[in-house]
**Q** 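Provided herewith is a single structure, encoded as structure tokens, for subsequent inquiry.
Quick note: numbers below take in every heavy atom, side chains included, and nothing from hydrogens, waters or symmetry partners.
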Amino acid sequence: MKKQLVIGYNSKNYAAKRLILNKLEDASYKDMRFFNFYFWTNILWVILKILNISPLDGDEQYQKLFSRFKKIIFFKTKVDVVHLFNSVNTSSKNAWVLTVEAFIPYNKELLRILETSDPNFREVTKNKNFKKIFELLASDNCKGILPFSKCTYDIQLELVSFFPQYENKIKKKMLVLHPPQNPLINEVDEKGLSYSSDVKLKFIFIGKHFYRKGGIQMLKAFDVFKTNENFELILISELTKKDNNFEFATEESVRDTIAYVNDNPEWITHHSYLPNDEVLNLIKSSHVGLLPTWADTYGYSVLECQAGGCPVITTSIRALSEINSNDLGWLIDVPTNRFNHPQFYSKIDFNEFAKILESGLIKVLKDIFENKIDIKKKAEVSLDRIKLEHNPKVYAETIENIYRGKLINQVKYNE
């Protein structure tokens, strides 16, 4: 009989819930946030963040609070392994597994490099702190490094290549492990929707950051069809919230967007927030999902929509080209670099990106309205892909093997 695992975690955010928490039915999970040495050394930054008066921007604040973990020794908190998200264990005493979203070490300077048209991470070798992090990744108590997409894997592998003394040991621990997703339906026919030429199509957009996720361009594209086509657009998003790190909307365009949504209730239904079960029910009653995003590392809402038999319109950035395609949904090609990172960081590039995104949405919507029967075909392919490639049982077996010390090259996933 296998020993029950005790798994420590250092975050309860949405990503942790998606990728770490309660994935093994017969394991117990231990909240280690307050047993993290660095939580207490950064307590001032915690307070400033809670009070919303921190002088640091989002990336810098994230690095202060969440980039490091070390168990406080004198507390008796027995865990078999600590599963961290975007955070490095600096102790040599605890076994740990790391899920990577963007890259490790997550650093503002490296992010700026990634945003360029031809990223060169050679500067990473000059930073002694980076060298220490790669030493920790290579250490024997690090049991697995799990980029959650091929895109993230490629970025991490590039960074690793600049530390040849650790490269082989780290590469052997790396495995692309996409997030698990339970199907919301068994078959598309369960939705009870019609896909006939005269049906009213229901589109759904889910995302807290409306403007970063292409909300303005989406509304402009739908405006082209509002007179001659029959559809409803459901928005689940906070329209007053602006992105902290990049201006995807000015104060004026935020006001204009809110006014536009309020002025078009006959085809726009807006919710600032809904509980998750209500969101999932709306997905199951919708025809098409939307994530025409400027900047996302993954796109969990895409998986949820596909699991509900709801094919999705997305851009081609980061992991989206791995989980979406024109067979599964509709993919809008936007400017990216060789790591599939979006390119919009100059005024000229920003305007060009917006133009490409808006025109791409118009083209896709025209195709959807003219070929409604294709929606069902894509819905069926999307649902089948979720069942095959995001199987929660396979995901759980994979991470359990890694927790128990099985070498990555002996772990089978999605075969």
**Q** I want to check something: taking the side chain as every heavy atom from C-beta on, are Leu239 and Tyr211 in contact at a cut-off of under 4.5 Å?
**A** yes
**Q** In terms of side-chain geometry, is the basic nitrogen of Arg112 or Glu115 positioned less than 4.0 Å from the acidic oxygen of its partner?
**A** yes
**Q** Quick one: salt bridge (Lys or Arg N to Asp or Glu O under 4.0 Å) partners of Asp296, sequence neighbours excluded?
**A** Arg212, Lys213
**Q** Answer yes or no: are there more than 12 heavy-atom neighbours, outside Glu252 itself, under 6.0 Å from its atom CD?
**A** no
**Q** Measuring from Tyr38:OH to Asn10:CG, what's the distance to the nearest 0.5 Å?
**A**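 Atom-to-atom, Tyr38:OH and Asn10:CG are 12.0 Å apart.
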**Q** Name the one of Arg18, His390, Glu304 that satisfies side chain to side chain donor-acceptor pair (under 3.5 Å) with Gln181?
**A**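 Checked Arg18, His390, Glu304 against Gln181; only one passes side chain to side chain donor-acceptor pair (under 3.5 Å): Arg18.
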**Q** Taking the six-membered ring where the residue is Trp, are the ring centres of Tyr260 and Phe222 under 6.0 Å apart?
**A**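 No; Phe222 has its ring centre 6.0 Å or more from that of Tyr260.
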**Q** Between Lys377 and Asp374, is there a side-chain N and carboxylate O pair less than 4.0 Å apart?
**A** yes
**Q** Could you tell me whether the side chain of Asn36 and the main chain of Arg68 form a donor-acceptor pair under 3.5 Å?
**A** yes
**Q** Can you pull out every side chain to side chain donor-acceptor pair (under 3.5 Å) where at least one residue sits in residues 355-368? Sequence neighbours excluded, please.
**A** Lys366-Glu370, Asp367-Asn371
**Q** Would you confirm whether Lys387, through its side chain, and Asn186, through its main-chain N or O, come within 3.5 Å as a donor-acceptor pair?
**A** yes
**Q** Tyr195 and His287: aromatic ring centres closer than 6.0 Å?
**A** yes
**Q** Which distance, rounded to the nearest 0.5 Å, do you find between the CG of Asn326 and the CD1 of Ile332?
**A**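 Reported value, rounded in 0.5 Å steps: 9.5 Å.
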**Q** Test side-chain contact (heavy atoms from CB on, under 4.5 Å) on Ile362 and Phe225 and set out the steps.
**A** CA-CA 9 Å; Ile362 291 170; Phe225 300 97; 4.1 Å; yes
**Q** Do Gln343 and Asp349 meet the criterion of a side-chain donor-acceptor pair at a distance under 3.5 Å?
**A**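 No - no donor-acceptor pair under 3.5 Å links their side chains.
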**Q** Quick one, Ser149 and Thr297 - any side-chain contact, counting heavy atoms below 4.5 Å?
**A**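 SC-SC contact between Ser149 and Thr297 ruled out.
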**Q** Compare every heavy atom of Lys376 with every heavy atom of Asp189, then report the nearest pair and how far apart it is.
**A**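 Looking at all heavy atoms of both residues, the closest pair is OD1-NZ, 2.7 Å.
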**Q** Would you say Phe34 and Trp40 make side-chain contact, with heavy atoms under 4.5 Å?
**A** yes
**Q** Students often mix this up, so state it plainly: with edges at 30° and 60°, are the rings of Phe248 and Phe246 parallel, tilted or perpendicular?
**A** tilted
**Q** Do Leu146 and Ile399 have side-chain heavy atoms sitting under 4.5 Å apart?
**A** yes
**Q** Is it true that, when you exclude Lys284 itself, more than 12 heavy atoms of the residues, nucleotides or ligands shown sit nearer than 6.0 Å to its NZ?
**A**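 Atom NZ in Lys284 is crowded, with more than 12 foreign heavy atoms closer than 6.0 Å.
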**Q** For the residue pair Tyr9 and Tyr29, categorise the inter-ring angle as parallel (less than 30°), tilted (30 to 60°) or perpendicular (more than 60°).
**A**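 Taking Tyr29 first and then Tyr9, their aromatic rings sit tilted (interplane angle of 30° to 60°).
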**Q** Just to verify, what does Thr240 make a side chain to side chain contact (heavy atoms under 4.5 Å, CB included) with, not counting sequence neighbours?
**A**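 Side chain to side chain contact (heavy atoms under 4.5 Å, CB included) check on Thr240 returns Glu238, Ile258.
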**Q** Tell me whether Glu25 at atom CD has more than 12 heavy atoms from other residues, nucleotides or ligands lying less than 6.0 Å away.
**A**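 For Glu25, atom CD is not crowded (no more than 12 foreign heavy atoms under 6.0 Å).
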**Q** Going from CD1 on Ile283 to CG on Asn276, what distance comes out if it is rounded to the nearest 0.5 angstrom?
**A**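 Rounded to the nearest 0.5 Å, the CD1-CG separation comes out at 8.0 Å.
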**Q** Evaluate the side-chain contact (heavy atoms from CB on, under 4.5 Å) criterion for residues Trp96 and Leu84: first the C-alpha distance (whole Å), next the side-chain angles of each, then the deciding distance (0.1 Å), finally the verdict.
**A** CA-CA 7 Å; Trp96 61 295; Leu84 302 174; 3.9 Å; yes
**Q** Taking all non-hydrogen atoms of both residues into account, name the closest pair between Lys173 and Cys142 and its distance.
**A**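 In this case the closest contact between Lys173 and Cys142 is NZ-O, 3.0 Å.
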**Q** So that I know where these two stand, are Phe350 and Trp294 an aromatic pair - ring centroids less than 6.0 Å apart?
**A** yes
**Q** Partners of Ser253 by side-chain hydrogen bond (donor to acceptor under 3.5 Å, both in side chains), sequence neighbours excluded?
**A** Thr250
**Q** Using every non-hydrogen atom in the two residues, find where Val199 and Lys372 come nearest and quote the distance to one decimal.
**A**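 Heavy atoms only, the tightest pair is O-NZ, 2.9 Å.
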**Q** Any side-chain heavy atom of Met174 within less than 4.5 Å of one from Tyr153?
**A**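 Side-chain contact under 4.5 Å: yes.
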**Q** Please name the pair of heavy atoms, one in Ala27 and one in Gln4, separated by the smallest distance, quoted to 0.1 Å.
**A**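 Looks like CA-CG, 4.0 Å.
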**Q** Give every residue pair that meets the side chain to side chain donor-acceptor pair (under 3.5 Å) criterion with at least one member in residues 197-208, sequence neighbours excluded.
**A** Ser196-Asp198
**Q** Counting only heavy atoms not in Ile43, do more than 12 sit closer than 6.0 Å to its CD1 atom?
**A** yes
**Q** Does the pair Trp330 and Val312 meet the rule for a side-chain contact (heavy atoms from CB on, under 4.5 Å), with working shown?
**A** CA-CA 6 Å; Trp330 301 267; Val312 190; over 6 Å; no
**Q** Report yes if some heavy atom in the side chain of Ser54 is under 4.5 Å from a heavy atom in the side chain of Trp45; otherwise report no.
**A**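 In short, these two side chains touch, coming nearer than 4.5 Å.
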**Q** Do the side chain of Gln306 and the main chain of Ile323 share a donor and acceptor less than 3.5 angstrom apart?
**A** yes
**Q** Rounded at 0.5 Å granularity, tell me how far CG in Asn42 sits from CD1 in Ile47.
**A** 11.0 Å
**Q** Of the non-hydrogen atoms in Leu98 and Asn86, which two are nearest, and what is the gap between them?
**A**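 Nearest heavy atoms, Leu98 then Asn86: CD1-N, 3.7 Å.
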**Q** So, does Asn337 use its side chain to make a donor-acceptor pair with the main chain of Ser117 at under 3.5 Å?
**A** no
**Q** List the residues meeting side-chain hydrogen bond (donor to acceptor under 3.5 Å, both in side chains) with Lys191, not counting sequence neighbours, and say none if there are none.
**A** none
**Q** If we ignore hydrogens and angles and just use 3.5 Å, is the side chain of Ser382 paired with the main-chain N or O of Gly309 as donor and acceptor?
**A**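 No, because the side chain of Ser382 does not come within donor-acceptor range (under 3.5 Å) of the backbone of Gly309.
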**Q** Would you check if there is a donor-acceptor pair between the side chains of His178 and Tyr298 at a distance under 3.5 Å?
**A**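 Judged by distance alone, the side chains do pair up.
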**Q** Tell me, yes or no, whether the heavy-atom count around Lys226 atom NZ, taken from other residues, nucleotides or ligands under 6.0 Å, exceeds 12.
**A** yes
**Q** What's the separation between atom CG in Leu201 and atom CG in Asn230, rounded to the nearest 0.5 Å?
**A** 8.0 Å
**Q** Between Phe134 and Phe162, is the ring centre distance below 6.0 Å?
**A**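 No - the distance between ring centres of Phe134 and Phe162 does not fall below the 6.0 Å cut-off.
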**Q** In Å and rounded to the nearest 0.5 Å, what is the OG to CD1 distance from Ser286 to Ile206?
**A**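 Rounded to the nearest 0.5 Å, the OG-CD1 separation comes to 8.0 Å.
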**Q** Kindly assign one of parallel, tilted or perpendicular to the pair Phe203 and Phe231, based on the angle between their ring planes and the thresholds 30° and 60°.
**A** perpendicular
**Q** Would you mind reporting whether Asp26 and Leu24 have side-chain heavy atoms less than 4.5 Å apart?
**A** yes
**Q** Determine whether the aromatic ring centres of residues Phe210 and Phe205 are separated by less than 6.0 angstrom.
**A** yes
**Q** Step through the shown structure and confirm whether more than 12 heavy atoms of other residues, nucleotides or ligands are within 6.0 Å of CG on Asp140.
**A**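 Check fails, neighbour count at 12 or below.
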**Q** Quick one, Leu136 with Asn89, criterion side-chain contact (heavy atoms from CB on, under 4.5 Å). Give me CA distance, side-chain angles, the key distance, then yes/no.
**A** CA-CA 7 Å; Leu136 292 168; Asn89 179 20; over 6 Å; no
**Q** Kindly give the heavy-atom pair with the smallest separation between Leu320 and Val302, and that separation in Å.
**A** CD2-CG2, 3.8 Å
**Q** Any side-chain donor-acceptor pair under 3.5 Å between His83 and Tyr403?
**A** yes
**Q** Would you call Val124 and Asn107 a side-chain contact if the rule is heavy atoms closer than 4.5 Å?
**A** no
**Q** Can you check whether Val394's main-chain N or O pairs, donor with acceptor, with Glu397's side chain at less than 3.5 Å?
**A** no
